[in-house]
Amino acid sequence: MRVMDYSAVLFDFDYTLADSSRGIVMCFQNVLQRHEYHDVEDEDIKRTIGKPLEDSFSILTGIENMDRLIMMRKEYVKEADVYMNGNTFLFPETLPVIESLREKGLKTGIVSTKYTYRIKSFLEENAPAAVFDIIIGGEDVSRHKPDPEGLLVAMDRLNVTRKQTLYIGDSVVDAETALNAGVDFIGVTTGATTETELAVYPHIKIINNLGVLMR
């Protein structure tokens, strides 16, 4: 199927629409260093982008105590309030692709583990108003990706069916989310996940940047 055959195209945010890796690494390292974790590599942090923060901290530190993980997540959020937006950059293809989709009558949205308020504040500074019909972030759901709750909520609010919906993301978590929601998936290799890793999951295609969608 072609992108134009769908009614709604939903996107992950980090590493799909924007490169926020500089800000994410900075915030993680600030928290990790504070807790005496001095040997975590930046690349290891990047590999966890897109997961819930508690899961990422557990992977990076081996901590399993949820109270400690929640504390680290809250510290991360405070760091991100300071450093994230200034260290996040839309990919060059993002706005032209979104604007083209909307001009052709498609609905567009974001489903991410990143907090909605942070996505909105970034977009207010870096994108035209109302460029997305809906944004579902981490605080809008009770179960995070790869649970399909966020996608299902977005589809319900946009009044589209599974067959009318395409989800685009950069990670295995995104691919699993699309599978669990029963929607088609396109993988994009602008993140830390390889084409080989994405290809394990059902997909329409795997692309190296969003601009390919318009070809």
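Throughout, numbering of the chain's residues begins at 1 and tracks the sequence. Because only heavy atoms are used, hydrogens play no part in the values below, and waters and symmetry mates are left out as well, while side chains stay in.
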Can you name the nearest heavy-atom pair linking [X] to [Y], along with the distance?
| X | Y | result |
| --- | --- | --- |
| Pro146 | Thr177 | CA-OG1, 3.1 Å |
| Thr193 | Ser171 | OG1-CA, 3.6 Å |
| Asp12 | Gly169 | CB-CA, 4.0 Å |
| Ser100 | Met214 | OG-SD, 3.1 Å |
| Val141 | Gly150 | CG1-CA, 3.7 Å |
| Lys163 | Tyr6 | O-CD2, 3.8 Å |

Under 3.5 Å, side chain of [X] to main-chain N/O of [Y], donor-acceptor pair present?
| X | Y | answer |
| --- | --- | --- |
| Arg118 | Ala80 | yes |
| His144 | Lys51 | no |
| Ser20 | Gly23 | no |
| Gln29 | Val40 | yes |
| Asp133 | Thr108 | yes |
| Ser58 | Ile63 | yes |
| Asp140 | Gly137 | yes |
| Thr113 | Gly50 | yes |

task = Would you give the length of the straight line joining atom CD1 of Ile206 to atom CD of Glu197, rounded to the nearest 0.5 angstrom?
result = 10.5 Å
note = When rounded to the nearest 0.5 Å, the distance separating CG of Asn65 from CD1 of Ile70 is 9.0 Å
Once ring-ring contact (aromatic ring centres under 6.0 Å, His included) is applied, do any residues pair with [X], and if so which ones, sequence neighbours excluded?
| X | result |
| --- | --- |
| Tyr117 | Tyr115 |
| Tyr15 | none |
| Tyr76 | Phe28 |
| Phe13 | Phe122 |

Within the structure provided, determine whether [X] and [Y] are in side-chain contact (heavy-atom separation under 4.5 Å).
| X | Y | answer |
| --- | --- | --- |
| Asp5 | Arg2 | yes |
| Leu10 | Leu158 | yes |
| Glu54 | Arg68 | no |
| Val3 | Lys104 | no |
| Leu123 | Ile110 | yes |
| Ile45 | Leu32 | yes |
| His203 | Leu198 | no |

task = Identify, with sequence neighbours excluded, every residue that meets side-chain contact (heavy atoms from CB on, under 4.5 Å) alongside Leu95.
result = Leu90, Glu99, Ala127, Pro128, Val131
key: Set of side-chain contact (heavy atoms from CB on, under 4.5 Å) partners for His35, sequence neighbours left out   = Val31, Tyr37, Met71, Met72, Glu75
Evaluation steps, side chain to side chain contact (heavy atoms under 4.5 Å, CB included), between Met26 and Glu79 = CA-CA 8 Å; Met26 183 183 301; Glu79 296 286 338; over 6 Å; no
In terms of heavy-atom contacts, does [atom1] of [X] have more than 12 from other residues, nucleotides or ligands at under 6.0 Å?
| X | atom1 | answer |
| --- | --- | --- |
| Gln33 | CD | yes |
| Lys107 | NZ | yes |
| Asn159 | CG | no |
| Tyr83 | OH | no |

query = Do you know which of Asn85, Asp81, Thr116 makes side-chain contact (heavy atoms from CB on, under 4.5 Å) with Ser121?
reply = Asn85
ask   = Which one of Thr94, Leu166, Ile98, Val111 satisfies the side-chain contact (heavy atoms from CB on, under 4.5 Å) criterion with Phe11?
value = Ile98
ask   = Taking atom types as modelled and ignoring hydrogens, do the side chains of Thr190 and Asn209 form a donor-acceptor contact shorter than 3.5 angstrom?
value = no
request  = Might you work through the salt bridge (charged side-chain N to carboxylate O under 4.0 Å, His left out) test for Arg143 and Asp147, ending with a clear yes or no?
outcome  = CA-CA 6 Å; Arg143 300 178 302 277; Asp147 190 282; 3.2 Å; yes
ask   = Hey, any chance Phe185 and Leu210 share a hydrophobic cluster, counting ILVMFWY side chains that come within less than 4.5 Å of each other, even indirectly?
value = no
query = Hey, are Arg47 and Asp44 close enough for a salt bridge, meaning a charged N less than 4.0 Å from a carboxylate O?
reply = no
